[in-house]
Structures are given as C-alpha cells and as structure tokens.
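Chain letters run A, B, ... following the sequence lines, proteins first, then strands; residues in each count from 1.
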Protein chains: 2
Amino acid sequence: MPRSGAEARRRLQQATLELFQQKGFDATTAAEIAERAGVTERTFFRHFADKREALFDGEAAFREALARAVVSAPPDMSPMDALLHAFRSAEPLLEKNRPFTEPRQKIIDATPALQERVLTKTAGLIAALGDALRQRGVEEDTSTFAAQIGMATLSYATHAWLADPTLTLAASLVKAQAALRRFSS
Amino acid sequence: MPRSGAEARRRLQQATLELFQQKGFDATTAAEIAERAGVTERTFFRHFADKREALFDGEAAFREALARAVVSAPPDMSPMDALLHAFRSAEPLLEKNRPFTEPRQKIIDATPALQERVLTKTAGLIAALGDALRQRGVEEDTSTFAAQIGMATLSYATHAWLADPTLTLAASLVKAQAALRRFSS
DNA sequence: AGCCATGGTGACAGTAGCTGACAATATGCT
DNA sequence: AGCATATTGTCAGCTACTGTCACCATGGCT
C-alpha cells in the first residue's frame, strides 16, 4: 500500500533509532528494521542508501540552512565572520533538535561505522560552507581552508555548549574564536 | 604454504593497487585480489579488516612518526609551532612516498567509499596529534582543537606543494600559516 | 464513472563482503 | 627428531545491498 511514502520513511527512521538503541548497530538487521516499520527490507533500501543513512536524515536540511545563512550574511563581513554569523543563526535549530540528537550521539559513540559516516557528513558540510564562501567572492583555494577552520571552531564551540547548558552557543563561539587566535598567533 | 606472512601481505597490497587501477574499486572482488596474490579470499581478510584497508597500509607508520615528532619537539614551542615542526620533519617521508601515493590518489578520487575511509584516517591522525600535544602538557579541550587546525593547515600546504613541484613543503607551510592568521584576525 | 499515468511497494533471486570454526602445513627452537 | 607457534586453506553461513517485474493506490483527465 503506497500510502504516502513519507509516512513509511518516518516509521523507518523511528524503528531504526529504537532498534539501534536496544540492540546496537551491528546486531540489528535491515530486515528487522523494515519489519518493525511494517514494510519490506527492499523498501528500507529504497528510502535510505544504506543502513547508516537512516540515522542522518535531517542532515541535508541543516547543511542547506547553514549554507544559505553564509551566502546571505552581510557582504562586508570577512569569511570567518560570515561563518560565525551563520553558526549563530543556527542556534535555535540546534536547540530544537537537541532531544533528538542526544540519544543518537550515544549510538554513534558506540559504533565505529557510524562515526565514519559522521565524518563524511561533516566533510559535506565543510564543502557546502566552502561553496557558500565562494559565492561571496572568496577565492577557490582559501575558501575550503576557511570552511575547515570554521567547522573546527563550530565543533569546539558546540562541544562546550552541549556540556554546559547554562552557556549560549554565541558565547561559546566567542571563546572558540579566542582560542583560535591564540593558536595562530 | 605459510611462507612468511609479510610476503603475502605485500603481494595482496600490490594486487589491490593494480586491480583497483584497472577495474575500479567496486568492480574488483576480494576473491580476485586474493587469486592474483596467490592466496585465498579468507587470507585477504585476515590481513586487512576490509577491502578498503588494503589501500591504507602505510598510514599507521606515518601517523606514529608524526606523533613522535610532535612529542619530541623542543619543549618551549607553542602547540601550533610544535605541529608545524613535526610537519616539516615529515617532508622527506612524504617525498619518498610520492610515486606511490599519486596513483592511489587517483583511485580514491574516483570512489566515494575510499574517500570516506580517508576521512577516518585523517580523523585518526588528528586524534594522534591531539594525544601528542597532551603529552606536551597542552590542556585536554584545546589539544584536539589545535590538532584540527594543524591538520587543516597541513592539508592546505600539501595541496599547494603537490601541485607545484618547485615549492618546498616548509615554504608551503609558511604560506598556510599566513592564511590562517588572516582568517582568525 | 471510467481511464490512465505516476509512484510507492511487495516478491524473488542473486552477488559479494565478511566471519567463525577446524584442519593442515610450514617455520623456529630445543 | 619433536614440539609449539603462526599462517593458511577449506567450508559453511549470514547479511548488506541490488536488479527486475508485477501489483496497486492515488490523482488528474475526459
């Protein structure tokens, strides 16, 4: 029954999260996930390219939101300032997804295969940020480098932000920027 | 015939490189590689955890060499200077491996699965550099951040260095450091 | 109402990556 | 020679993932 398509996808995501939590990534088969979602294994692989992707479905939207924020940042901003501007604008989105990303992180921390996938997602994000910087007129060579530095800064800031709920992301970013200045001096 | 163990491993590496070049990563099976190396498929997986690892065999040695160089850098050096010191010391090793890494890079550029593996190798390198910095007394939080920034700097520098054979890696690193200062200002 | 194009799905078969268990054989030491 | 150890071969098996085709629900068109 091809109900809506999107419904089955949501059920598959939910089933994936639950089973990975209960039995771990390696011990849960794609067939199990499909069965719990009420579809066939074949349908699972129609919605997600592989078993890992089911855990990273919202990532594309986040990436595109960040890229748009970089492009639409005030034109007189330096590359790094444009990135930081975009990161600050993402704080509400990150805050909203917090309850969902927290259990997911625990699963990821427990399985190397998922950590590997996180790295490619991060690389994709860096590439998108580099693209966005290029649309702002930043040169080809330096845009990727700046995007990498920016992403490292964001990771550093979000780490501290997640660990200490009293912090705001913006404040955490300021600290990270200060640490970066210290290194490069 | 359990000849030497290391011999079979070398043959497997060689066969892997050749077949990936000829037919591409996806089109070559582990059984084919094993057959060309004169062993069984089972033996292939005893030497390498998966099909990708056969392409990244020397990486552990490179990582450890870099980490040692960071630890043994003059104690009064700043974290970033210690990293740059280690990177400069690796130039001969990189130069020596150049004819081997060049065809490998072409294969990697053509196959996403291998690019994903490169990212985990890079992450491992960053972790090792962070560890080495901690052994120099750098604080837990900042060491990983510094290692990330350092790795981004090295990538940027090696890119330019590989593209222009008249450059030395040390000179390329100086330019990268200047770019970094520009971003973080 | 009937019809058709579209798209999601089930069913089935098949390939290949990867693993566990056990036997067989070569190597080094005594 | 004899023994311990390391490496490999053999076999059986699971599961991730893919190609193909038929099926059926939905929405628009006449």
* Just how far, in rounded Å, is C1' of dG9(D) from CD of Glu41(B)? -> 12 Å

* **Spacing between Phe48(B) atom CZ and dG17(C) atom P, to the nearest angstrom** => 15 Å

* What integer distance in Å separates Leu19(A):CG from dT15(D):P? -> 14 Å

* Looking only at side-chain N and O atoms, does Thr43(B) come under 4.0 Å of OP1 or OP2 in dT7(D)? -> no

* Taking atom types as they are modelled, is there a donor-acceptor pair under 3.5 Å from the base of dG7(C) to the side chain of Arg46(A)? -> no

* Quick one: Glu32(B) CD to dT15(C) C1', roughly how many Å, whole number? -> 13 Å

* In whole angstrom, what separates Asp26(B)'s CG from dG19(D)'s C1'? -> 16 Å

* Asked: Do Phe145(B) and Thr153(A) have side chains that get closer than 4.5 Å, going by heavy atoms?
  -> yes

* To do: Just call it for Ala31(B): base, sugar-phosphate, or nothing, with non-hydrogen atoms closer than 4.0 Å on any strand.
  => nothing

* **NZ/NE/NH1/NH2 to OD/OE distance under 4.0 Å, Lys23(A) and Glu32(A)** => yes

* Asked: So which nucleotide from dT8(D), dT15(D), dT9(C) ends up closest to the side chain of Thr29(A)?
  -> dT15(D)

* **Proximity to the side chain of Lys51(B) - top-ranked nucleotide from dG17(C), dA11(C), dG9(D)** => dG17(C)

* Asked: Does the pair Gln135(B) and Asp131(B) meet the rule for a side-chain hydrogen bond (donor to acceptor under 3.5 Å, both in side chains), with working shown?
  -> CA-CA 6 Å; Gln135(B) 289 184 44; Asp131(B) 250 356; 5.8 Å; no

* Asked: dT9(C) phosphate, OP1 or OP2: any side-chain N/O from His47(A) under 4.0 angstrom?
  -> yes

* About how many Å separate OG1 of Thr144(B) and CG of Leu133(B), when rounded to the nearest 0.5 Å? -> 9.0 Å

* Salt bridge flag under 4.0 Å for residues Glu102(B) and Lys106(B) -> no

* To do: Return the residues of residues 106-122 of chain A meeting this criterion: a heavy atom under 4.0 Å from some atom of DNA chain C. Order them by number, or give none.
  => none

* Going by an N to O cut-off under 4.0 Å, is there a salt bridge joining Glu95(B) and Arg98(B)? -> yes

* In whole angstrom, give the distance that lies between atom CD1 of Ile33(A) and atom C1' of dT15(D). => 12 Å

* Over how many whole Å does the gap from Arg11(A) atom CZ to dG8(C) atom P extend? -> 14 Å

* Compare the minimum distances between each of dT9(C), dG20(C), dT20(D) and the side chain of Arg42(A), then state the nucleotide with the smallest one. => dT20(D)

* Consider the side chain of Phe45(B), meaning its heavy atoms from C-beta on, and name the nucleotide among dC18(C), dC17(D), dG9(D) that approaches it most closely. => dC18(C)

* Go through the steps to decide whether Glu18(B) and Gln22(B) satisfy the test side-chain hydrogen bond (donor to acceptor under 3.5 Å, both in side chains), and finish with yes or no. => CA-CA 6 Å; Glu18(B) 292 170 0; Gln22(B) 290 176 21; 5.3 Å; no

* To do: Return the value, rounded to whole Å, for the distance between atom CZ of Phe44(B) and atom C1' of dT19(C).
  => 14 Å

